[in-house]
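Data first, discussion second: the structure below is written as C-alpha cells.
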Amino acid sequence: MRALVATGNADRLVELTNVDEPALAHDELLVSVEAFSLNRPDFLWLSVPNPQWRVGIDFAGKVIQAAADGHGPAVGERVMVHAPDGGGGAELATAKPQFTTTIPANVSSETAAALPLAGLVALRLVREAAIKKGQRVLITGATGGVGHFAVELALNAGASVTALARPGEPVDTLIQRGAQVIYSLDEATEPFETILESIGGGVLTQAFAKLARRGTILWFGAASGQPAQIDFFSFFPDRSSMTLKHFVYSEVEGDDAADLQELINLVAKGVLNPHISRIEDWSQTSEVLKSFQTGSLTGKAVLTVKT
C-alpha cells in the first residue's frame, strides 16, 4: 500500500512511498482511509532530526476489517478516527475502538477528518472552564482549528464571546454565529471572566490585564513561538486573585469515544461547523505542511486519499 513517509528533508517533509500493510492487534480495526487532516503536531514531529513520524492524527474512512475482540464498528461502517500516534496518511490505517466513532450520513469524510483533535481540545476546554450562559469569554486564535470550535461551543453554551483574530482572516462565520471579533486586545473594553488563550508571547501577557477579578485563563498553545512575561506586581494594590492553568486535552477526564460521538453529532446538527480552508489531494501534503511553518494556514487542511 502507499503511505506518506518522513524524508528528513526540510524542503519536502513527506513523500508517498510503498510500505507494508499494517498488522492488526486483536483490539484494532482496519480502515480504508478516505481523508485525513493535518495538525500542528504533524509539522513539529516531522521537523525533528531523523523523524519517524507518520502524519494523520485525524482521519476518516470505511472499516474493512473489524476488531477481533468484537469491540467497535462493523465492516462497511464509515468512521471518524483520532490516532494520537499518527498514521492516518495512508491507504490503510489501524484504529482503536475507543478513539473511533461512526459518521452520520449527512457528514462528509472530509468534514469528519477535520474534527477529532481540534474538536476534542475545544470541547474539553469549554467543559473545563465551565462556561455558561452570560459569561464573558475571550478566545484568542479564533480562526484556528481549535479556536473556531471553541467559539462555537462557548456561544452554544450561552456565553458572550469575544474572538481575537488577525486582520484579513475569515471571520464572517464567527460574526454570524454571534461572536464579537476584535483584532487587538486594546479593543477589549470590559474584563473577561474566562480567557482561552493559544497565542502565547505578548498576547498572553496582555490577556492578564483583560481578566476580571478572580477570573481564569486556560492557556493551551503558543502559536507565536514567543515566551510570555508575567508581571505579578500588576495584580496589586487590590490583590486581585486569578487562575492560570496550562491545559492539555489528554490529561483531563473524558471518555474519548463518547466525546468524539458528541462532536460528530454536533456537526450533524449544525452546531459545529469545521473551518476547512484547504482540501487537497494527499500528493500535496508536503506543500500544505509548509503553511504551518509560514503561519499562513487558517482553519483546517484536509487531504483526500485516492486509491
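Keep in mind that this is a model prediction, so the values were computed, not measured. Excluded from the calculations below are hydrogen atoms, water molecules and symmetry mates; all remaining heavy atoms, backbone and side chain alike, are included.
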Hey, is the main chain of [Y] close enough, under 3.5 Å, to the side chain of [X] for a donor-acceptor pair?
X: Ser37; Y: Val302; result: no
X: Asn39; Y: Asp42; result: no
X: Glu197; Y: Gly200; result: yes
X: Arg177; Y: Val271; result: yes
X: Ser224; Y: Ile199; result: yes
X: Glu15; Y: Ala6; result: no
X: Glu187; Y: Ser184; result: yes
X: Gln284; Y: Asp281; result: no
X: Arg12; Y: Thr7; result: no

Candidate pair Asp172 and Gln176, rule side chain to side chain donor-acceptor pair (under 3.5 Å), full reasoning: CA-CA 6 Å; Asp172 289 349; Gln176 291 167 6; 5.3 Å; no
First locate atom [atom1] of [X], then atom [atom2] of [Y], and finally report the distance between them rounded to the nearest 0.5 Å.
X: Arg124; Y: Glu251; atom1: CZ; atom2: CD; answer: 11.5 Å
X: Leu272; Y: His148; atom1: CG; atom2: NE2; answer: 8.0 Å
X: Ile195; Y: Gln206; atom1: CD1; atom2: CD; answer: 10.5 Å
X: Leu196; Y: Ile217; atom1: CG; atom2: CD1; answer: 10.0 Å
X: Lys306; Y: Glu91; atom1: NZ; atom2: CD; answer: 12.5 Å
X: Leu289; Y: Leu38; atom1: CG; atom2: CG; answer: 5.0 Å

Test side-chain contact (heavy atoms from CB on, under 4.5 Å) applied to Val81 and Asp58, step by step: CA-CA 6 Å; Val81 181; Asp58 301 326; over 6 Å; no
Hey, does [Y] have a side-chain heavy atom less than 4.5 Å from the side chain of [X]?
X: Ile57; Y: Pro84; result: no
X: Val107; Y: Leu115; result: no
X: Phe43; Y: Leu46; result: no
X: Leu29; Y: Pro73; result: yes
X: Ser198; Y: Trp219; result: no
X: Ile131; Y: Leu125; result: no
X: Thr162; Y: Ile182; result: yes
X: Glu169; Y: Tyr183; result: no

Indicate if [X] and [Y] have the same hydrophobic cluster label, given that clusters are the connected sets of ILVMFWY residues with side-chain heavy-atom separations under 4.5 angstrom.
X: Phe99; Y: Tyr249; result: no
X: Leu117; Y: Val126; result: yes
X: Val171; Y: Phe149; result: yes
X: Leu244; Y: Leu211; result: yes
X: Val121; Y: Val137; result: yes

Considering non-hydrogen atoms only, spot the tightest contact between [X] and [Y] and give its length.
X: Leu174; Y: Ala142; result: CD1-O, 3.7 Å
X: Val181; Y: Ala165; result: CG1-CB, 4.3 Å
X: Arg136; Y: Glu190; result: CD-OE1, 4.2 Å
X: Leu263; Y: Pro116; result: CD1-O, 4.4 Å
X: Ala228; Y: Gly201; result: CB-O, 3.5 Å
X: Gly87; Y: Ala93; result: O-CB, 3.6 Å

Trace of the side chain to side chain donor-acceptor pair (under 3.5 Å) decision for Thr194 with Gln135: CA-CA 8 Å; Thr194 301; Gln135 199 167 18; 3.1 Å; yes
Before accepting this row, confirm whether a basic side-chain N of the pair [X]/[Y] lies closer than 4.0 Å to the acidic partner's carboxylate O.
X: Asp259; Y: Arg127; result: yes
X: Glu34; Y: Lys62; result: no
X: Lys245; Y: Glu128; result: yes
X: Glu287; Y: Lys290; result: no

Gln229 and Thr205 side chains, donor-acceptor separation under 3.5 Å: no
Side-chain donor-acceptor contact under 3.5 Å, Thr216 with Glu193: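 Looking only at side-chain atoms, Glu193 and Thr216 do not form any donor-acceptor pair under 3.5 Å.
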Asp20, CG: over 12 other non-hydrogen atoms inside 6.0 angstrom: no
From CA spacing to verdict: side-chain contact (heavy atoms from CB on, under 4.5 Å), Trp53, Val48: CA-CA 9 Å; Trp53 181 253; Val48 302; over 6 Å; no
Chi angles and distances behind the side-chain contact (heavy atoms from CB on, under 4.5 Å) call for Val5, Val14: CA-CA 5 Å; Val5 176; Val14 294; over 6 Å; no
From CA spacing to verdict: side-chain contact (heavy atoms from CB on, under 4.5 Å), Arg214, Met242: CA-CA 4 Å; Arg214 298 180 180 176; Met242 54 79 69; over 6 Å; no
Glu77, His82, Gln261 screened by side-chain hydrogen bond (donor to acceptor under 3.5 Å, both in side chains) with Thr101, the one that passes: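 Testing each of Glu77, His82, Gln261 against Thr101, the sole residue satisfying side-chain hydrogen bond (donor to acceptor under 3.5 Å, both in side chains) is Gln261.
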